[in-house]
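To keep things clear, I will list the structure first and then write my remarks on it.
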2 protein chains.
Amino acid sequence: MKEKECCCPKKRILAAAISLFAQKGFAAVGVREIAAEAGVNIAMISYYYDGKIGILKEILEEFFNRYMQVFEGIDDENKTPEACVRGLIHNIVQFVRENTELAMVSYNELPLDLPEIAELKAKRITAVIQRISPLVVRMGFDPTDVFMIAVVGPSLISAIFTNFRLRPVMKQVFPFKFDDAYYERYTETIATLFLHGIKGLAEERKQKRRRVK
Amino acid sequence: MKEKECCCPKKRILAAAISLFAQKGFAAVGVREIAAEAGVNIAMISYYYDGKIGILKEILEEFFNRYMQVFEGIDDENKTPEACVRGLIHNIVQFVRENTELAMVSYNELPLDLPEIAELKAKRITAVIQRISPLVVRMGFDPTDVFMIAVVGPSLISAIFTNFRLRPVMKQVFPFKFDDAYYERYTETIATLFLHGIKGLAEERKQKRRRVK
DNA sequence: AGACTTGACAAACGTTTGTTTAAATTTTAT
DNA sequence: ATAAAATTTAAACAAACGTTTGTCAAGTCT
């Protein structure tokens, strides 16, 4: 009964579920635990949502809807592709920082086989990849070469998400303060890492194409 | 009852558990399901292992023990640091390819709060990071700068693991054949991506140090 | 004022969870 | 051949699971 006085029961249930799912994983959390954390009766979970699985669906929907906003301005022709990548990285870091638990639940449940959410996942992931593709092309890759899209994009995203995913363990090992300064440097580092990497890849591709000619 | 005739019950239980945990996650799998998949009686799980959680511990131990082998030759002074990084990437890709389910179970349970395996995780992760550190230094980073070690290493590892983690979803979206040719190109791509990225980072660091002087 | 809707609750539903017991069976050693 | 040890089994355990039920109070509308 921690969040009793914050807002309406429905929102409290969602907030409690997000927090617990992020910590222990969807399958490891019971409805009683959610109800207790939200400070509501157990019955309210099936009353407001389509049961426990209904909460997860709501969480995934909410995540994807907010997440798509990080691609805002990704295909701005006035900016250089490099600037677009930098902007994207900045947006993703900021997004995950502001929605850490929501992002962790979604990211952690992504590879697990849960038939009830299989469709939802596939649809949204396809949407994300299609949203990134134009930028990948602008960065100098062959538009028909799906390999690059399927490798570079996910690598970048996973690198950022994993940084937050390993946060609990990292806090035990490294003496960081995760403040504004940290995130500024982190964003800069990831941007440099991937921009140089992508540039290296694009050059290598070009050379191979020349060799074929 | 799928693996009845393969080997001894103890190994069948472990194999079944690895497969099911990788697919659904540890918490979502019951002992009955494991027993059925292994073709043994339910009681055999508590007989051979310390219950369900005992199987997970065994899996994590097995994973880490095998995983540490990918760092073989990581600090070979006869090779250039670039060659060491390439070798490491090659080893990790090959390792995850050969131990996909084992790796997925371990990787997926890593961020989840499970008190019974908290110690084990922290110890092994520390060991992995310490094993990488010398190479990070050789690649041109400040040995006292834990930030770089905590960012670049995990990014590389997560990029590779995520490639396998998203395999089920990717198979729905991209028409790949995951054969030897794919992995050869994949290894090459990741190596180029990170080697150029790391080089870019190292140069940027040097320039900043010069500016301070 | 009387009929109706809504929000919240305790209680109990039937099922499934992981584990344990004790008996039965097979294997091993004497 | 016989006793001891190891293996396997079915059955039962309490506890926890997610969901549904029926009830009651407060608010809304006619």
Side-chain angles (χ1 to χ4, degrees), chain A residues 1-60 105 109 112-118 120, chain B residues 1-60 105 109 112-118 120:
Chain A
M1 298 194 221
K2 292 183 178 179
E3 325 197 15
K4 189 132 202 165
E5 59 288 324
C6 99
C7 47
C8 71
K10 190 174 181 183
K11 288 183 183 176
R12 287 213 308 272
I13 291 172
L14 194 69
I18 291 173
S19 176
L20 288 169
F21 290 168
Q23 207 180 115
K24 308 182 174 187
F26 172 75
V29 178
V31 284
R32 274 156 247 269
E33 200 176 354
I34 300 172
E37 174 84 10
V40 301
N41 188 276
I42 319 168
M44 307 268 71
I45 286 170
S46 287
Y47 179 77
Y48 282 116
Y49 298 92
D50 187 17
K52 188 184 144 183
I53 188 73
I55 302 183
L56 182 61
K57 286 183 186 172
E58 189 83 7
I59 290 174
L60 293 181
V105 176
E109 296 301 326
L112 302 185
D113 183 30
L114 231 171
E116 293 94 331
I117 59 165
L120 203 160
Chain B
M1 300 191 220
K2 292 182 177 180
E3 323 197 17
K4 189 135 200 164
E5 59 288 327
C6 98
C7 45
C8 72
K10 190 173 180 184
K11 288 184 184 176
R12 287 213 308 272
I13 291 172
L14 194 69
I18 290 173
S19 177
L20 288 169
F21 290 167
Q23 208 181 112
K24 308 183 174 186
F26 172 74
V29 178
V31 284
R32 274 157 247 268
E33 199 176 355
I34 299 173
E37 174 83 11
V40 302
N41 188 278
I42 320 168
M44 314 264 21
I45 286 170
S46 287
Y47 180 75
Y48 282 116
Y49 298 92
D50 186 17
K52 188 184 147 184
I53 189 71
I55 302 182
L56 183 60
K57 285 183 188 174
E58 190 82 8
I59 290 175
L60 293 181
V105 176
E109 297 301 327
L112 303 186
D113 182 30
L114 232 170
E116 293 94 333
I117 59 165
L120 203 160

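In what follows, chains are A, B, ... by sequence order, proteins preceding strands, each numbered from 1.
- Atom-to-atom, CD of B/Glu33 to C1' of C/dG18 comes out at 14 Å; the value is rounded to the nearest Å.
- For the atom pair B/Lys10 NZ and B/Met44 CE, the distance stands at 11.0 Å (nearest 0.5 Å).
- Note: NZ (B/Lys57) to C1' (C/dG18) measures 15 Å, nearest angstrom.
- The structure places CG of B/Leu112 at 7.5 Å from CD1 of B/Ile117, a figure rounded to the nearest 0.5 Å.
- In terms of the side chain to side chain donor-acceptor pair (under 3.5 Å) criterion, A/Lys52 has no residue partners (sequence neighbours excluded).
- Comparing atom distances between the B/Lys52 side chain and each of D/dT8, D/dG18, C/dT19 picks out C/dT19 as nearest.
- In this structure, A/Ile13 atom CD1 and C/dA8 atom P are separated by 9 Å, rounded to whole Å.
- Remark: B/Asp50 engages no residue in a side-chain contact (heavy atoms from CB on, under 4.5 Å) (not counting sequence neighbours).
- The nearest whole Å value for the distance from the CD1 atom in B/Ile53 to the P atom in C/dG18 is 11 Å.
- Applying the side chain to side chain donor-acceptor pair (under 3.5 Å) criterion to B/Glu33, with sequence neighbours excluded, gives B/Lys24.
- Rounded to whole angstrom, the span from the CD1 atom of B/Ile45 across to the P atom of D/dT7 amounts to 17 Å.
- Counting to the nearest Å, the P atom of C/dT17 and the CG atom of B/Leu20 are 12 Å from each other.
- Pairs of residues two or more places apart, or lying in two chains, never qualify as ring-ring contact (aromatic ring centres under 6.0 Å, His included) while including a residue from residues 28-49 of chain A.
- Scanning for side-chain contact (heavy atoms from CB on, under 4.5 Å) contacts around B/Gln23 gives A/Asp113, with sequence neighbours left out.
- Residue B/Tyr49 is classed as having no contact, given no heavy-atom separation below 4.0 Å to the nucleic acid.
- Atom CZ of A/Arg32 and atom C1' of C/dT15 are 12 Å apart (whole Å).
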Going 5' to 3' along nucleotides 20-29 of chain C, which nucleotides have protein heavy atoms under 4.0 Å from the base (write B), which only from the sugar-phosphate (write S), and which from neither (write -)? BB--------

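- With rounding to whole Å, A/Lys10 atom NZ is found 16 Å from C/dA8 atom C1'.
- Counting only heavy atoms from C-beta on, A/Met44 has its side chain closest to C/dC9 among C/dC9, D/dT7, C/dG18.
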